[in-house]
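Some notes on the structure that comes next.
Remember, predicted model here, so these are calculated numbers, not experimental data. So you know, we letter chains A, B, ... as the sequences are listed, proteins then strands, and number each from 1.
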Amino acid sequence: QQQVKQSPQSLIVQKGGISIINCAYENTAFDYFPWYQQFPGKGPALLIAIRPDVSEKKEGRFTISFNKSAKQFSLHIMDSQPGDSATYFCAASMQSSYKLIFGSGTRLLVRP
Amino acid sequence: GAGVSQSPSNKVTEKGKDVELRCDPISGHTALYWYRQSLGQGLEFLIYFQGNSAPDKSGLPSDRFSAERTGGSVSTLTIQRTQQEDSAVYLCASSPFRPGETQYFGPGTRLLVL
């Protein structure tokens, strides 16, 4: 029940296209859903996060869509750029807790 | 300001040796976390500190793993009698105060046990 399932494992998108990464969770007590971006040799960095009181959050080219009833959330990267090529992790936690439960990651490659 | 720093950045050791990994959190951050990232895998929570106390050590894989934090700042993760399956990237993160706040990650220590 603590798992966060992430798909796809890898994704190739042409420059200018839309990248979509999906995550699903079981624990309905989760109330914080961040996405982290990780470049090779670097630690993960927070990209965008959402709480379940909203269904969508947009920051620049990055959008989180959240479906509470389906217990799913997704990251959309609009106008994908080669510089977006990285590994993306979804995660979940409870506000009262301290540990992030991470998905297994998606390796995104944006071709020029 | 300065981010989370970790040292060493890379560590190669022989099976059976002990290793110490260091984390310097962002100044003023009272919460500190250790995670492990195995090749091609997500991040696995190991331990959490609030100040110098570790309320939850349940993520530590075995009693060969231990961690401490001193002065509410620097933390050290120690792995005794290393095994090949300990090879991974060990990541440290810190957050300002309360659980659930954004965690800021360091670059990690890449540990290879031969």
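For the set A/Ala91, A/Gly41, A/Gly105, A/Gly103, the entry with the most heavy-atom pairs within less than 4.5 Å of chain B is A/Gly41.
When heavy atoms are compared at a cutoff of 4.5 Å, A/Pro44 approaches chain B by way of both its backbone and its side chain. Contact annotation for B/Glu44: neither backbone nor side-chain heavy atoms come within less than 4.5 Å of a heavy atom of chain A. Using a 4.5 Å cut-off between heavy atoms, B/Ser58 contacts chain A through its side chain alone, with no backbone atom that close. For chain B, no part of A/Gln6 is nearby; none of its heavy atoms comes within less than 4.5 Å. A/Lys99 touches chain B through backbone and side chain together, each having a heavy atom under 4.5 Å away. With a 4.5 angstrom heavy-atom cutoff, B/Leu43 touches chain A via backbone and side-chain atoms both.
If you chain together hydrophobic residues whose side chains sit under 4.5 Å apart, B/Tyr104 and B/Tyr48 never meet in one group. Under the 4.5 Å side-chain contact rule for hydrophobic residues, B/Val4 and B/Leu32 do not share a cluster. Taken together through direct or relayed side-chain contacts under 4.5 Å among Ile, Leu, Val, Met, Phe, Trp and Tyr, A/Leu11 and A/Val110 form part of one hydrophobic cluster. In the hydrophobic clustering of ILVMFWY residues, with side-chain heavy atoms under 4.5 Å counting as a link, B/Leu46 and A/Phe89 come out apart. Hydrophobic clustering keeps B/Ile26 apart from B/Trp34 (ILVMFWY residues linked when any side-chain heavy atoms are closer than 4.5 Å, directly or through intermediates).
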B/Phe45 and A/Phe102: ring-ring contact (aromatic ring centres under 6.0 Å, His included), yes or no, with the steps? CA-CA 9 Å; B/Phe45 169 83; A/Phe102 282 87; over 10 Å; no
A/Leu100/B/Tyr35 under side chain to side chain contact (heavy atoms under 4.5 Å, CB included): CA gap, chis, key distance, verdict: CA-CA 9 Å; A/Leu100 291 169; B/Tyr35 292 85; 3.6 Å; yes
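The number of heavy atoms from other shown groups lying within 6.0 Å of CZ (A/Arg61) is above 12. Residue-environment remark: CD (A/Gln9) stays at or below the threshold of 12 foreign heavy atoms within 6.0 Å. For B/Glu14, the CD atom counts as loosely surrounded, since its 6.0 Å shell holds 12 or fewer non-hydrogen atoms of other residues, nucleotides or ligands.
Counting heavy atoms from C-beta outward, A/Tyr36 and B/Gln103 have side chains that approach closer than 4.5 Å.
Annotation for A/Lys42 and B/Arg110: closest pair N-NH2, 3.7 Å, computed over non-hydrogen atoms.
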